[in-house]
Engineer: 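This is the structure, below, for whatever I ask next.
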Protein chains: 2
Amino acid sequence: MKPSDPAPQTPDDRPADPRAEAFQGVRAARRSELAEDYVELIAELIHTQGEARPVDIAAKMGVTAPTVAKTLDRLAREGLVTRARYRSVFLTDEGRALAQECRRRHEIVLRFLLSLGLDAETAERDAEGIEHHVSERTLVLFSAFAIRS
Amino acid sequence: MKPSDPAPQTPDDRPADPRAEAFQGVRAARRSELAEDYVELIAELIHTQGEARPVDIAAKMGVTAPTVAKTLDRLAREGLVTRARYRSVFLTDEGRALAQECRRRHEIVLRFLLSLGLDAETAERDAEGIEHHVSERTLVLFSAFAIRS
DNA sequence: GTGATTTGTTAGCTTCGACTAACTTTATGC
DNA sequence: GCATAAAGTTAGTCGAAGCTAACAAATCAC
């Protein structure tokens, strides 16, 4: 119990370990991934089809309609989308901003992978998984590299 | 219902869309991420401390003891670890193999990020998130780049 | 070797993301 | 304009991952 306690516990929070902090960051990222995938897809659908209908979201995400419905309810609760029963889905300002941010990240990661020489299909796949876990700092390096090459 | 149906549905499965397939891949990856993080950490603890105790796993992962216990039960069910009540945790052959594979990926991603010029702390953080979403093909390019630079 | 501390477990709660089944509403075909 | 098909919703289940509270076992200290 002396101040020279071997366990350097932070006063109040849980971290205590640099690794723990990193994992908590990863967990946080995982929680928001789905939301990001949805708003990104919704923005895209609105752009290409004029509207985002649950049935199309379900098809593109590869899940069933009820799953989409529940997720959209959550997104609505979180203020990212608005919806009316039996109608298509819209993004709030916040949702639109998030979508744009996601698209930006996605683009940077994708271009980077392509500039490394990766084939288009694999690049798209990997970008989809990677984009949620890249820090701003890394993005800067990615863009610089893609431009330079 | 004619054969020239506009929706090109694959006969039996759900995919139907290249994007859907990609998302399903990402979801699959997400499911195994935690398992991978655990076996990787367990291998590391065994290496550095001689044994992997739940309490240390909890500290490093930044979660509580009961969460660790439940997850370890799942990993045991999946044949990745073995455990006895009130004793420390061991990896099965399968678990050891997975840990090694994870460590390899982690190393490659980390070295790659560092060789891009990223600071050590951010590199570690990003690697933790990215490593589960990188295809073998991308890993090859990453290693080539890290060596070449 | 007994008492306190640390570690581990059990039970029970919550949220999330997935599913199926069954139903309602909207859109379509004719 | 009415029947049918497509789309959307509701209800209910499941497993995973997190938590707290309360208890049991093991270890340490002396």
Side-chain angles (χ1 to χ4, degrees), chain A residues 1-2 5-7 9 13-16 20 23-38 41-42 45 49 51-78 80-90 132, chain B residues 1-2 5-7 9 13-16 20 23-38 41-42 45 49 51-78 80-81 83-90:
Chain A
M1 295 263 188
K2 286 127 181 175
D5 206 325
Q9 76 229 37
D13 250 329
R14 188 77 48 62
F23 278 123
Q24 287 178 337
V26 172
R27 277 200 299 279
R30 294 211 256 261
R31 252 188 289 119
S32 41
E33 276 178 54
L34 239 222
E36 296 186 358
D37 288 340
Y38 268 77
L41 175 55
I42 290 167
L45 284 171
Q49 326 277 274
E51 61 173 353
R53 296 157 78 234
V55 67
D56 294 327
I57 297 173
K60 293 268 183 196
M61 294 288 304
V63 298
T64 60
T67 299
V68 170
K70 255 199 210 171
T71 304
L72 289 177
D73 283 344
R74 173 167 78 87
L75 298 186
R77 247 184 288 135
E78 292 172 2
L80 294 171
V81 308
T82 57
R83 57 197 309 245
R85 306 178 111 238
Y86 301 100
R87 287 276 104 79
S88 58
V89 184
F90 301 91
H132 308 284
Chain B
M1 294 258 189
K2 285 127 181 174
D5 206 325
Q9 76 229 37
D13 252 330
R14 187 81 46 63
F23 278 123
Q24 289 178 338
V26 172
R27 276 201 300 278
R30 294 211 256 260
R31 252 187 292 119
S32 40
E33 275 179 55
L34 240 223
E36 296 187 358
D37 288 340
Y38 268 76
L41 175 56
I42 290 167
L45 285 171
Q49 326 277 272
E51 61 174 351
R53 294 157 78 235
V55 67
D56 294 326
I57 298 173
K60 294 268 183 195
M61 295 289 302
V63 297
T64 60
T67 299
V68 170
K70 255 198 211 171
T71 305
L72 289 177
D73 283 343
R74 174 167 78 85
L75 298 186
R77 247 184 289 133
E78 291 171 2
L80 294 170
V81 308
R83 58 196 309 245
R85 306 178 110 238
Y86 300 100
R87 285 277 103 80
S88 59
V89 184
F90 301 91

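Throughout, protein chains are lettered first and strands after them, A, B, ... in sequence-line order, and every chain is numbered starting at 1.
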Engineer: By the definition side-chain contact (heavy atoms from CB on, under 4.5 Å), identify the one residue from A:Leu80, A:Asp37, A:Val81 that meets it with A:Ile42.
Structural biologist: A:Val81
Engineer: Atom CG of B:Leu80 to atom P of D:dA16: distance rounded to whole Å?
Structural biologist: 13 Å
Engineer: Whole-Å distance between C:dT7 C1' and B:Leu45 CG?
Structural biologist: 15 Å
Engineer: What is the distance from atom CZ of A:Phe23 to atom CG of B:Leu34, rounded to the nearest 0.5 Å?
Structural biologist: 9.0 Å
Engineer: Does A:Arg30 place a side-chain N or O at less than 4.0 Å from the phosphate oxygens OP1/OP2 of C:dG17?
Structural biologist: no
Engineer: Hey, what do you get for CG (A:Leu75) to OG1 (A:Thr82), rounding to the nearest 0.5 Å?
Structural biologist: 11.0 Å
Engineer: Measure the spacing between CZ of B:Arg83 and CG of B:Asp73 and express it to the nearest 0.5 Å.
Structural biologist: 5.0 Å
Engineer: Taking only side-chain N and O atoms of B:Arg74, does any of them lie within less than 4.0 angstrom of OP1 or OP2 on D:dA17?
Structural biologist: yes
Engineer: What integer distance in Å separates B:Glu33:CD from D:dA16:P?
Structural biologist: 16 Å
Engineer: Just how far, in rounded Å, is P of D:dA17 from CG of A:Leu34?
Structural biologist: 15 Å
Engineer: Could you tell me how far apart B:Leu75 (CG) and D:dA16 (P) are, to the nearest whole angstrom?
Structural biologist: 11 Å
Engineer: With 3.5 Å as the limit, what N/O pairs link the protein to nucleotides 8-13 of chain C?
Structural biologist:
from   : atom 1 : to      : atom 2 : distance (Å)
C:dG8  : OP2    : B:Val55 : N      : 2.7
C:dT9  : OP1    : B:Arg83 : NH2    : 3.4
C:dT9  : OP2    : B:Arg83 : NH2    : 3.0
C:dT9  : O3'    : B:Arg85 : NH2    : 3.2
C:dT10 : OP1    : B:Arg85 : NH2    : 2.5

Engineer: Please assess A:Met61 against A:Val68 for the test side chain to side chain contact (heavy atoms under 4.5 Å, CB included), listing each intermediate value before the final yes or no.
Structural biologist: CA-CA 9 Å; A:Met61 294 288 304; A:Val68 170; 5.6 Å; no
Engineer: Between C1' on C:dC16 and CZ on B:Arg31, what's the gap in Å once rounded to a whole number?
Structural biologist: 15 Å
Engineer: Within the structure, does a side-chain N or O atom of B:Thr67 lie under 4.0 Å from either OP1 or OP2 of D:dC19?
Structural biologist: yes
Engineer: Roughly how far apart are B:Arg53 CZ and B:Ser88 OG, rounded to 0.5 Å?
Structural biologist: 8.0 Å
Engineer: Report the residues that fulfil side chain to side chain contact (heavy atoms under 4.5 Å, CB included) with A:Arg87, sequence neighbours left out, ordered by chain and then residue number.
Structural biologist: A:Ala84
Engineer: Between atom CZ in A:Arg27 and atom C1' in D:dC19, what is the gap in whole Å?
Structural biologist: 12 Å
Engineer: Determine: side-chain N/O of A:Thr64 to OP1/OP2 of C:dC19, distance under 4.0 Å, yes or no.
Structural biologist: yes
